[in-house]
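A quick write-up on the structure given underneath.
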Protein chains: 2
Amino acid sequence: MPINCKNCPLRRHELFATMSSDDVAFMQDMKQGEQHVAPGTVVFSQGDKPDHLYTVLEGKGLRHKTLPDGRRQVVNFVMPGDFIGLQAGVMGEMRHAVEATTAMTLCIFNRSDLWKVFQNNPSRAYDLTYLAAIEEHLLGDALSRMGQHGARERVAWSLHRLYRRDVAIGAVAGDGSISLPFRQQDLADALGLSLVHTNKTLAQLKAENVARWERRRLFVHQPETLAQIGLVEQLQPETRPLM
Amino acid sequence: MPINCKNCPLRRHELFATMSSDDVAFMQDMKQGEQHVAPGTVVFSQGDKPDHLYTVLEGKGLRHKTLPDGRRQVVNFVMPGDFIGLQAGVMGEMRHAVEATTAMTLCIFNRSDLWKVFQNNPSRAYDLTYLAAIEEHLLGDALSRMGQHGARERVAWSLHRLYRRDVAIGAVAGDGSISLPFRQQDLADALGLSLVHTNKTLAQLKAENVARWERRRLFVHQPETLAQIGLVEQLQPETRPLM
DNA sequence: CGTTGTCTTGAATTACATCAAGAAAAGTGG
DNA sequence: CCACTTTTCTTGATGTAATTCAAGACAACG
């Protein structure tokens, strides 16, 4: 029994921009159902021209690019509320892969309906552009970190970002930890670091009692120390559209 | 005397997707005029909430981010045909600065008209999303290069990309060179390298007679050697919307 | 023609990668 | 539930690509 958009639990969080009830109804109408995928499932492959686009309702995953020489860059981590496949929807094909790390629940949309959004619902069309712009902004940020900062800053920055996002959707356990179901190799591939060096940097943050990542869970003991190390600027809480 | 969109010289190039004459008329109607800016002009500052958006008709520039610690990341190079300010248009404020390196001619649009595009012209609205998606793709690519490759690969990749783009718009001089009016420091900041190392890498490519960059002009003597070094995959010629 | 910005080159230093090998988890099948 | 295998994590030692420092040459500019 799929969730009704009106009651979508994600919508409650402040992270997501409020929608008019018309827009909610519109989305409900476009929603084709839900899909559950197992951990490790490749939702999109690089080069895919998929028929469906998805909003992530539950679970976490990775976006990554495979380069001509076989190396892998993790472009982003996929979190609940993310809309995936827009790039292919608009450009024709996926330029990166999306892989589920945990089990995921996906809200299904038809790619062919994308055009109808632009024709019939300007405000939702605007939100699609908004989403693409946010993605661009996030990547620009990541690029800057990679280009200008060292391993310690990068690791702290990345952990901080993952933590903030989960806090924003209330995905914090009683012990204050969040789910971080990735391998150190994934973080290394995201930050352009070697596995070994990533490991040593994480060990350092742990020894300083700033943050501890083990058993697929991240404990941030000193959030703003982490922010300091990661050179995170004071940012007004951002909101983003939810499709 | 501003250019009429119908006769816009940029539109002729295959790089840019063809537009219906209705869309051309629509753009013409939105066009507020043209602006000429001198080299060094800051078109947008980071944090700006500008009233205007622009299409670059002539000239080149830089998009860059200033980080909390003062370091600078060049996020992209701005070329004729690029649409700038969309991020602020949709997100409210610029997350990076845009600076003219040469004199530039800009086609002016009102930010307040952006919403009208979504309301009245679905196909142009779609193109805006397309542009944002392309930007995202380019940044993802850049991120991958930075994360996974060494200085030689990065420099070659970047030069190749700049070269390809200018070839696509026919901006190649009789001697086969293109205009590359940046400092080595700018390239270094784009690639996350030090000025010194960037310089030495360029010197190496020059010694190998692959490419030579001097006096603000780039000569690519061996395009596909450059592509090889830069690990550029065979890509079908992409087209992009022109606003 | 001096002043300033950009480029160039060499030498010293360092942050990070690579190599190697063992320890701890996490799966897998009986 | 326990052996067995595989994956992931951890740590030390060594190597190297790229940074930083320093100083001079060249261009551009007023």
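Lettering of chains follows the sequences in order, A, B, ..., and the numbering in each one begins at 1. What you see below is based on every heavy atom in this structure, not just the backbone, and it leaves out hydrogens, waters and symmetry mates.
Between D:dA28, C:dA26, C:dT9, one nucleotide has an atom nearer to the side chain of B:Ala203 than all others, and that is C:dT9. Nearest to the side chain of A:Arg183, among D:dA18, D:dA28, D:dT8, sits D:dT8. For A:His197, counting side-chain heavy atoms from C-beta on, the closest listed nucleotide (C:dC16, C:dT9, D:dT10) is C:dC16. Comparing atom distances between the B:Ser194 side chain and each of D:dT19, C:dA17, C:dT9 picks out D:dT19 as nearest. In this structure, the nucleotide among D:dT11, D:dC9, D:dA27 sitting nearest to the side chain of A:Gln184 is D:dC9. Of the listed nucleotides (C:dC7, C:dT9, C:dA20), C:dA20 has the atom at the smallest distance from the side chain of A:Val196.
Whole-Å rounding puts the A:Lys206 NZ to D:dC9 P distance at 11 Å. Rounded to whole Å, the distance from CD on A:Gln204 to P on D:dC9 is 18 Å. The distance from atom CH2 of A:Trp213 to atom P of C:dA24 is 20 Å, rounded to the nearest whole Å. Rounded to whole angstrom, the span from the CE atom of A:Met146 across to the C1' atom of C:dA15 amounts to 15 Å. Summarising the geometry, the separation between CG on B:Leu191 and P on D:dT19 is reported as 10 Å, rounded to the nearest angstrom. Rounded to whole Å, atom C1' of C:dG5 lies 15 Å from atom CZ of B:Arg215. Taking atom CG of B:Leu195 as the reference point, atom C1' of C:dC7 lies 8 Å away to the nearest angstrom. As a whole-Å value, the separation of A:Gln148 CD from C:dA15 P is 17 Å.
Under 4.0 angstrom from either OP1 or OP2 of C:dG5 there lies no side-chain N or O belonging to B:Gln185. Side-chain nitrogen and oxygen atoms of B:Asn199 include none within less than 4.0 Å of the OP1 or OP2 phosphate oxygen of C:dC7.
In this structure, A:Phe77 has its ring center under 6.0 Å from that of A:Phe182.
Under the side chain to side chain contact (heavy atoms under 4.5 Å, CB included) test applied with A:Leu106, the options A:Thr55, A:Val56, A:Leu57, A:Thr41 reduce to a single match, A:Val56.
With a 6.0 Å radius and a threshold of 12 heavy atoms from other residues, nucleotides or ligands, B:Glu214 has its CD atom above the threshold.
Toward the 5' end of DNA chain C, the nearer of the two residues A:Gly192 and B:Lys200, judged by each one's closest nucleotide, is B:Lys200. Both A:Arg152 and A:Arg216 lie near DNA chain C, and the one whose nearest nucleotide falls closer to the 5' end is A:Arg152.
B:His137 is listed as a side-chain neighbour of B:Glu238, based on a closest heavy-atom distance under 4.5 Å. When side chains are defined from C-beta on, B:Leu226 counts as touching B:Leu159, because their heavy atoms get closer than 4.5 Å.
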